[in-house]
*Asks:* 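Starting off with a structure, shown below.
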Amino acid sequence: MSDQPMPVEKFLGDMPAEEFRATGHRLIDWVADYLEHSERYPVLARTTPGAVRRVMPAQAPAESHPMDVILRDFEELVLPGVTHWNHPGFFAYFAITGSGPGILGELLSSALNINSMLWKTCPAASELEEVVLGWLRELLGLPENFFGVVMDTASVASLCAIAAAREALPELKIREEGLPGRAEVPRLRLYASEQAHSSIDKAAITLGLGQAGLRKIPVDAEFRLRPELLAQAIEEDTRSGWKPFCVVATVGTTSTTSVDPVPAIAELCARHNLWLHVDAAYAGAAAILPEQRWALAGCERADSLVVNPHKWLFTPFDFSAFYCRRPEILRNAFSLVPEYLRTAEDSEARNYMDYGIQLGRRFRALKFWFVLRYFGSDGLRARLRQHIAWAQEFAAWVDADPDFERLAPAPFSVVCFRARPAELAEKLQSVAPDEREKLEAYCDELNAALLDAVNATGEIYLSHTKLNGKFTLRLAIGNLHTTRNHVLRAWRLLREHARRLDSDRRSAGWR
Ligand code: PLP
């Protein structure tokens, strides 16, 4: 095929079927090769800000380009700027998988291009959504009265949950009157732990509660919300004129995957009539394993809960499962039906547009249905068990190595640790505070350099957090292409580079 742009008058309408078929077959081959050999690429993009933008023309092309040219440019211009989340060496943030069945389901959903705002605008999408969220609810052991709705992300699901919590105070008429300039409305207070995800802060900002409207509760030594301090905070706030209305508990915090004590928090919420939202975006998936059910203990008392199949249930981004025990309140918060969206089936069918912010909704349920059917719940369980077992093995390697230390418990498939040369272990315990500070600063710098060094290999990609002020490395296992050998390789790279970096620094007199 020629590289020359085609004249506009050559064709109107969509891509001809034959061209679609030929390119489609080629692309499926490309995707299959990519999934099998993504290790050909450096997992973390080797690029600098602006590099992809600079190689793109300033204006959209006026003329049509042949697919050959588009695909060539994809490989040459776009791909170098891609960080490969589907790479087996991806251990950063929460490792995820765009699995084969999920990708194919996504392809069909794009082909159908439906909008499931109303039951009528695609009955199958609405009903499949109900079915797959019902299946997932059962796999997680959640009560039958949890109504499910698919959202794009946990951030939006939590925002909707907190909006519903506010709507659960109808006497404040916030939906009708808003918040600003109303002296008769007390300031609303939301609670979450210091380790809660930033999406909760963003929800507070978006909903007009302000950052001051979110009170962060300190955590214990294992990074779990301390319920006795939550109880104190609620009482203190009530005495000083705040109106406590909602608590967000986290099952699997972003930094360490700690699990807040939901049963105790649920008890407090019941006592003070507060909405309990559970952010189980990552770790909720673990509850499909009987031995991990403990993670969702108490969640049957929650008013709402979110879990992300796009995190650890192998569903291509994005797919967030949001459950609500009081769907009528969620509906009160969001339902608004102009004449042009009324249908004859409104009284007997579920219109999902009524349960969230957006009107238009993609057919996300299709890809999750593919995933659940292709792997089966036994297959999903076996895969999660494998990830957890490898993470536990990695944690044991860290624990057994005198030059490394673990910085948090690892209940699921994420390990938080750092390099800490053996000679520093005792000193860190015994030296005066200002000397300790210097040693800690040394460890922070060493670990930041270690992170850069292992990520620069292109073989693995890890991310970091800060725990008790310490620069902490995180290894998250969750990609279906990852094998035990990849985890072992990550460990070898970490040890090798840690030793080299520490020895370079020692020779340079840094410590
Ligand atoms: N909640 C927790 C605990 C998370 O770890 C994350 C992301 O990592 C989120 C919420 C946000 O997820 P999403 O990207 O689906 O908004």
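We use all heavy atoms of the structure for the numbers below, so side chains are in, but hydrogens, waters and symmetry mates are not. Atoms within each ligand, like the ligands themselves, are counted from 1 in listed order.
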*Asks:* Between Phe394 and Arg406, is there a cation-pi geometry (under 6.0 Å to ring centre, at most 45° from the normal)?
*Replies:*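 Verdict for Phe394: no cation-pi partner in Arg406.
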*Asks:* For ligand 1, which atoms have a heavy atom of Gly252 less than 4.0 angstrom away?
*Replies:*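 Matching atoms, with element in brackets: 3 (C).
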*Asks:* Heavy-atom distances under 4.0 Å decide this one: backbone, side chain, both or neither, for Tyr282 against ligand 1?
*Replies:*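 It is neither; nothing of Tyr282 touches ligand 1.
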*Asks:* Can you list the ligand 1 atoms lying under 4.0 Å from a non-hydrogen atom of His310?
*Replies:*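 Listed by number with element, the hits are 15 (O).
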*Asks:* For residues Phe412 and Trp294, establish whether the separation of their ring centroids is below 6.0 Å.
*Replies:*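 Distance test on ring centres: under 6.0 Å, yes.
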*Asks:* Among all protein heavy atoms, pick out the one at the shortest distance from atom 14 (O) of ligand 1; state its residue, atom name and that distance to 0.1 Å.
*Replies:*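 Looking only at protein heavy atoms, the one closest to atom 14 (O) of ligand 1 is Lys311 NZ, 4.1 Å.
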*Asks:* Counting heavy atoms only, which part of Asp152 comes closer than 4.0 Å to ligand 1: side chain, backbone, both or neither?
*Replies:*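 It is neither part, as no heavy atom is under 4.0 Å.
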*Asks:* Among protein heavy atoms, which sits nearest to atom 5 (O) of ligand 1, and what does the distance come to when rounded to 0.1 Å?
*Replies:*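 Ranked first by proximity to atom 5 (O) of ligand 1 is Thr254 OG1, 2.8 Å.
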*Asks:* In terms of atom number and element, which parts of ligand 1 are under 4.0 angstrom from non-hydrogen atoms of Ala281?
*Replies:*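 Atoms satisfying the 4.0 Å criterion: 1 (N), 2 (C), 10 (C).
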*Asks:* Would you say Ile28 and Leu107 make side-chain contact, with heavy atoms under 4.5 Å?
*Replies:*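 Result yes, sub-4.5 Å side-chain heavy-atom pair found.
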*Asks:* May I ask whether Thr253 has any heavy atom positioned less than 4.0 angstrom from an atom of ligand 1?
*Replies:*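 It does not; every heavy atom stays at 4.0 Å or beyond.
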*Asks:* Ring centroid separation for Tyr41 and His87, is it under 6.0 angstrom?
*Replies:*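 No: the rings miss the under 6.0 Å criterion.
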*Asks:* Kindly say whether the aromatic ring centers of Trp390 and Phe91 come within a distance under 6.0 Å.
*Replies:*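 No, the ring centres sit 6.0 Å or more apart.
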*Asks:* Using a heavy-atom cut-off of under 4.0 Å, does the side chain or the backbone of Asp279 touch ligand 1, or both, or neither?
*Replies:*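 Looking at Asp279 and ligand 1, just side chain atoms fall under 4.0 Å.
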*Asks:* How far is atom 11 (C) of ligand 1 from the closest protein heavy atom, and which atom is that?
*Replies:*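 Scanning the protein heavy atoms, the shortest distance from atom 11 (C) of ligand 1 goes to His197 CE1, 3.4 Å.
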*Asks:* With heavy atoms of Phe94 as the reference, note each atom of ligand 1 found under 4.0 Å away.
*Replies:*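 The list of qualifying atoms is 5 (O), 8 (O).
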*Asks:* Is it true that His84 and Tyr34 share a donor-acceptor pair across their side chains at a distance under 3.5 Å?
*Replies:*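 Looking only at side-chain atoms, His84 and Tyr34 do form a donor-acceptor pair, the distance falling under 3.5 Å.
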*Asks:* Within the 3.5 Å criterion, strictly below it, is a donor on Arg224 or Ser258 matched to an acceptor on the partner's side chain?
*Replies:*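 No, no side-chain donor-acceptor contact under 3.5 Å.
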*Asks:* Among all protein heavy atoms, pick out the one at the shortest distance from atom 16 (O) of ligand 1; state its residue, atom name and that distance to 0.1 Å.
*Replies:*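 Looking only at protein heavy atoms, the one closest to atom 16 (O) of ligand 1 is Ser155 OG, 2.5 Å.
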*Asks:* Does a side-chain N-to-carboxylate-O contact under 4.0 Å join Glu106 and Lys367?
*Replies:*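 Yes, charged N to carboxylate O under 4.0 Å.
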